[in-house]
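Chain letters run A, B, ... following the sequence lines, proteins first and then strands; every chain starts at 1.
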Amino acid sequence: MSSIFALLDCNNFYVSCERLFNPRLEGRPVVVLSNNDGCIIARSNEAKALGIKMGEPFFKCCGLIAAHQVQVFSSNYPLYGDLSQRVMDVLCQLEPEVEVYSIDEAFVRIPQAKEEALLENGRHLRATVKKQVGIPVSIGFGSTKTLAKIANRIAKKRPEHGGVFALPDQGLDALLATIDVGDVWGIGPRQSQKLFACGIRTALDLKNGNDTWLRKHLTVTGLRTAMELRGISCLPLEDIPPPRKSITSSRSFGQPVTDLAWLREALSSYIAIAAEKLRAEEMKTRCVQVYLTTNRFREGDPQYANSKTVTLPIHTSSTLELIHYGAEALRQLFRPGYAYQKVGVVFMDLVSASHAQGHLFYAPPKGQESLMRAVDKINRRWGRDTLHSAAAGFLRPWKHKQGRKSPSYTTSWNELPVVSAPSIVKTTGRAA
DNA sequence: TCTGGGGTCCTAGGACCC
DNA sequence: TCTGGGGTCCTAGGACCC
């Protein structure tokens with residue numbers, strides 16, 4: 001029996017998370033910034049209406065933001081991650097076949113049904129998430145993932161549908177003719193430009209494109225997208241996430257760094273973050289890539305960017321071992337006389353911890369695994385960085401900016417929201 | 001002054017093999 | 001006059017996603 005895909009997408013997710021604990025933000029323009037308070041990565045509808053663009057550098061729209069009293073927040077991933085989990089939990093309780101696609105999106109596979117039944121189901125999901133978590137979502141239905149994406153877009157952009165929309169069988173082409181080809185999932189700016197130049201301007205044009213031409217100019221992924229627009233499902237629901245292939249950790253510095261010792265500190269702390277994730281997923285790595293780069297936007301400055309990959313004797317998940325190899329790679333990469341903007345680490349060649357190969361002639365340092373288990377346990381209980389490698393430093397002058405972060409309301413005991421009823425209780429705590 | 005971070009997939013081209 | 005064909009594996013770079 002054929003099935004239908006639904007895409008559930010949280011509206012302006014990070015902004016909605018901020019509003020949940022700060023209702024005064026309702027109806028006002030709000031934006032959330034990327035790490036290091038660099039770019040705009042989430043906007044309320046009011047902020048979008050002001051013309052603030054996604055991905056725009058913060059410093060470029062400061063004027064607009066001040067003039068309209070736009071509320072600005074640093075990103076608060078512990079909060080967003082926790083609320084995302086709650087949304088997905090609700091969804092999984094209501095639907096058996098769910099693929100969590102990103103922090104704010106999930107695909108659901110449901111049996112084929114009449115349009116009105118789909119819409120009814122969607123309205124129920126939407127109301128339940130709103131009631132139990134408080135986050136507004138939009139839901140779109142289509143016969144493939146790509147079509148569900150388009151339906152979701154229509155649900156979000158056209159308020160008359162009340163946040164839920166199902167693509168009809170009749171008149172689908174007329175709808176696709178209203179969608180820019182660049183707004184189709186999988187068609188990015190480069191391909192969009194190429195397609196436009198060749199007269200393919202809408203989703204309908206792409207759907208009707210010539211297969212040989214599409215294969216040649218957009219590769220198999222582009223052809224797959226066209227097939228999906230025709231209602232031929234090429235992208236299955238991945239309700240069991242495939243094993244992860246790499247883990248990255250990197251940050252831009254709050255200010256340029258020239259000194260190898262500071263770079264090593266920063267790198268060590270990023271390695272610690274990535275290694276913690278590695279252990280949390282019960283995996284090990286044998287391949288560590290370190291990279292560093294100067295600020296490419298400062299065209300007058302001398303530029304340098306490079307990376308080095310080292311292969312370890314055997315797989316490991318020990319922060320200390322990984323820092324050891326990472327630091328050596330960094331030492332080889334480092335060139336004096338540059339103002340560095342970022343270092344980062346990538347773990348590749350990941351295997352499940354229980355399937356890691358041993359080595360006939362190499363014995364890993366003893367006691368690392370139990371040490372790391374203890375460190376993780378302490379940090380889970382008392383907060384990240386309660387216990388960390390000395391290599392990751394203490395002063396951390398390189399640390400990124402995060403000047404406008406809201407509290408971690410739902411994940412830190414010290415930052416719980418405080419609700420007060422002034423006529424009854426005089427609060428002594430910090431106001432929420 | 002100030003421009004994010006973390007992923008995946010695909011292809012072309014080189015190295016190497018028989 | 002005349003220099004094969006077919007295959008695998010690896011990597012760097014590009015494109016896309018949120």
Mind checking what makes ring-ring contact (aromatic ring centres under 6.0 Å, His included) contact with A:Trp185, not counting sequence neighbours?
A:Tyr101, A:Phe107

Under 3.5 Å, which donor-acceptor pairs link side chains of residues 384-391 of chain A to any protein atom two or more places apart or in another chain?
unit_1	atom_1	unit_2	atom_2	d
A:Asp385	OD2	A:Arg396	NH1	2.8
A:Thr386	OG1	A:Trp382	O	3.0
A:Thr386	OG1	A:Gly383	O	2.6
A:Ser389	OG	A:Ala391	N	3.1

Side chains of residues 337-348 of chain A: which donor-acceptor partners sit under 3.5 Å, not counting sequence neighbours?
unit_1	atom_1	unit_2	atom_2	d
A:Tyr340	OH	A:Arg335	N	3.2
A:Tyr340	OH	A:Arg335	O	2.6

Stems in DNA chain B: runs of 3 or more consecutive Watson-Crick or G-U pairs, distances under 3.5 Å?
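So the stems come out as B:5-18 with C:5-18.
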
For residues 215-224 of chain A, which residue pairs pass the side-chain hydrogen bond (donor to acceptor under 3.5 Å, both in side chains) check, not counting sequence neighbours?
A:Trp213-A:His217, A:Thr219-A:Thr221

Using residues 245-254 of chain A as the side-chain source, report each donor-acceptor pair under 3.5 Å to any protein atom, sequence neighbours left out, with the distance given to one decimal.
unit_1	atom_1	unit_2	atom_2	d
A:Ser249	OG	A:Tyr270	O	3.4
A:Ser250	OG	A:Tyr291	OH	3.2

Could you state the [atom1]-[atom2] distance from [X] to [N], rounded to the nearest angstrom?
X	N	atom1	atom2	answer
A:Asp37	B:dG5	CG	C1'	14 Å
A:Asn36	B:dT3	CG	C1'	10 Å
A:Ile40	B:dC2	CD1	C1'	12 Å
A:Phe58	B:dG5	CZ	C1'	19 Å
A:Arg298	B:dT3	CZ	P	9 Å
A:Tyr270	B:dG6	OH	C1'	14 Å

Of all residues at least two apart in sequence or in a different chain, which pass the side-chain contact (heavy atoms from CB on, under 4.5 Å) check with A:Ser406?
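A:Glu18, A:Phe73, A:Asn76, A:Leu79, A:Tyr409.
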
Check side-chain contact (heavy atoms from CB on, under 4.5 Å) between A:Gln402 and all other residues, then give those that pass, not counting sequence neighbours.
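In terms of side-chain contact (heavy atoms from CB on, under 4.5 Å), with neighbours along the sequence ignored, A:Gln402 is linked to A:Ser74, A:His400, A:Lys405.
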
Taking only residues two or more places apart in sequence or in another chain, which ones pass salt bridge (Lys or Arg N to Asp or Glu O under 4.0 Å) with A:Arg86?
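Scan of A:Arg86 (salt bridge (Lys or Arg N to Asp or Glu O under 4.0 Å), adjacent residues dropped) gives A:Asp82.
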
Letter by letter from the 5' end, nucleotides 7-18 of chain C scores (B base, S sugar-phosphate only, - none; protein heavy atoms under 4.0 Å) --------SSSS

Just by modelled atom types, is the A:Lys401 backbone N or O under 3.5 Å from a matching donor or acceptor in the A:Asn36 side chain?
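It does hold such a pair.
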
ring-ring contact (aromatic ring centres under 6.0 Å, His included) partners of residues 138-158 of chain A, not counting sequence neighbours, each pair once
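For residues 138-158 of chain A: none.
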
Taking the side chain as everything from C-beta on, heavy atoms only, tell me whether A:Pro313 gets closer than 4.5 Å to A:Phe361.
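A:Pro313 vs A:Phe361: side chains apart.
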
Below 4.0 angstrom, which residues in residues 214-237 of chain A have at least one non-hydrogen atom near DNA chain B?
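Hits under 4.0 Å, by residue number: A:Arg215, A:Thr219, A:Val220, A:Thr221, A:Arg224.
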
